[in-house]
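Okay, structure first, notes after.
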Amino acid sequence: MKINTNFLNLKQSYLFATVGAKLTAYQKAHPEKKVIKLSIGDVTRPLAPAVIEAMHRAVEDMSRAETFKGYGPDATCYGYEPLIASIKASYARKGVSLGYDEIFISDGAKSDLANILDLFAAENTVLVPDPVYPVYVDTNVMAGRKIVYANANEQNGFLPMPEDIKEDAKDPDIIYICSPNNPTGAAYNREQLKVWVDYALKKDAVILYDAAYEYFVTDPALPRSIFEIEGARECAIEFCSYSKTAGFTGLRCGYTVVPNTLARGGVSLAKLWARRQSTKFNGVSYITQMGAAAVFSEEGEKQIAENIKYYRNNAKIIAECLDELGIWYTGGKHSPYIWLKCPKGMNSWEFFDYLLEKANVVGTPGSGFGANGEGFFRLTAFATEENTKEACRRIKELLA
Ligand code: PLP
């Protein structure tokens, strides 16, 4: 018996463990200090009332023989009609028309981003930006794929384009794009995405488009779905999540769009994905799906907009603080993440220690997301408004 030795090639991610260990050590040594965490990558606002009510109704359905639900419907890979209809309608509002057989319900974007790789051969080359959400890298290392990088940096506003692909990496088969981006908060415009779509079509590559933060986009000129771009239906798969949109990080629900016009090697990827899901997955609970279906209802959309407004306002507070200090950053406008250049020439971990010790504020060192993250730092908008304001007051006091 042999194990999958690709797992031995995974780099140990010390990032969040080290952040946690340093924080614990500091608090132990200084129990009187109130440390504020602007490193939180999880939501903190409760679920919208419309979601809670819908889930209560679904629980009642499960209590009666006439409305009880077992396994989900086979025809739509276990997605219930009201949920798929609501997603279809939300895409229609973005000007994108989707069929029922193109929308796949899942327990979140992370699993789908990992599981989609079952569809692709191990010899494919994968292109990811540097810095990057670590899941894209680790899932491909586990499968033994070659990974190449596109340079994201201050010059391109952390929005790498095909010309920023590193020299050894000119023919990628799988291209990851995350917009608005984690960790940098930067968001592509239509023209930039069009360049990527044309590039993927030319290379016969497939774009895996992570739209987990699309609800943070405020500017109507910016795309919220890659399918708003002409040609994307022939080269892209889109991953969406209720986690950051509607606070479902603990509830778990997402959806992936695989257009039925997307084929490689003469095979429909939607058909392959349906086959994969029906073999290895048994759907998301009815109660969760009914809660998710309420998110895009008129009432639900208004309520989730309030929560997103709350986080967005926190992001604005942080952005204004950095503006006042003259510190360079991306994000914060269409994203809960603010990606800043460490002041005074510090590297990422030096700035982490400096901020923790002098201002009792914790963020995430950019170097933990890739080599190009060195010298940068991620702050998030998921804390309370009160803590965000206090953290910014301390940062201003320290760096002014
Ligand atoms: N994609 C990105 C870029 C993320 O930052 C996250 C979570 O932080 C996810 C996907 C995971 O989303 P989900 O909770 O739906 O699995």
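Read the numbers this way: they start at 1 and go in the same order the structure lists the ligands and their atoms. All values derive from a computational prediction rather than experimental measurement.
- Aromatic ring centroids of Tyr337 and Tyr329 lie 6.0 Å or more apart.
- For Glu163 and Tyr199, the side-chain atoms include no donor-acceptor pair closer than 3.5 Å.
- Lys69 has no carboxylate O lying under 4.0 Å from a charged side-chain N of Asp61, or vice versa, which leaves the two without a salt bridge.
- Checked for salt-bridge contact, Asp118 and Lys280 meet the test: a charged N lies under 4.0 Å from a carboxylate O.
- Among protein heavy atoms, atom 8 (O) of ligand 1 sits closest to Lys244 NZ, 2.8 Å.
- Distances from atom 2 (C) of ligand 1 to the heavy atoms of Leu113, Asp210, Val135 put Asp210 nearest.
- Every N/O-N/O distance between Tyr136 and ligand 1 stays at or above 3.5 Å.
- Looking at ligand 1, you'll find an N or O of Arg252 within less than 3.5 Å of one of its N or O atoms.
- Counting the atoms of ligand 1 from 1 in the order shown, those under 4.0 Å from a heavy atom of Cys178 are 3 (C).
- In this structure, the protein non-hydrogen atom closest to atom 14 (O) of ligand 1 is Ser243 OG, 2.6 Å.
- Residue Ser111 has no N or O atom closer than 3.5 Å to an N or O atom of ligand 1.
- Within the 4.0 Å heavy-atom cutoff, Thr249 does not count among the residues contacting ligand 1.
- Short contacts between ligand 1 and Ser241, defined as distances under 4.0 Å to a heavy atom of the residue, involve ligand atoms 12 (O), 13 (P), 15 (O).
- Taking every non-hydrogen atom of Gly108 and a distance limit under 4.0 Å, the qualifying atoms of ligand 1 come out as 15 (O), 16 (O).
- By the side-chain contact (heavy atoms from CB on, under 4.5 Å) test, Ala121 is found to be paired with Glu123, Asn124, residues two or more places apart in sequence or in another chain being considered.
- Considering backbone and side-chain atoms together, Ala109 places an N or O closer than 3.5 Å to an N or O of ligand 1.
- Considering only residues two or more places apart in sequence or on other chains, Lys110 meets the side-chain hydrogen bond (donor to acceptor under 3.5 Å, both in side chains) condition with none of them.
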Worked verdict on Glu390 versus Arg393 for salt bridge (charged side-chain N to carboxylate O under 4.0 Å, His left out): CA-CA 5 Å; Glu390 172 58 16; Arg393 192 195 60 74; 2.9 Å; yes
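- Of the listed residues (Tyr213, Tyr255, Tyr133), the one carrying the non-hydrogen atom nearest atom 9 (C) of ligand 1 is Tyr133.
- Although no hydrogens or angles enter the test, the distance criterion places no donor-acceptor pair under 3.5 Å between the side chain of Asp210 and the main chain of Cys178.
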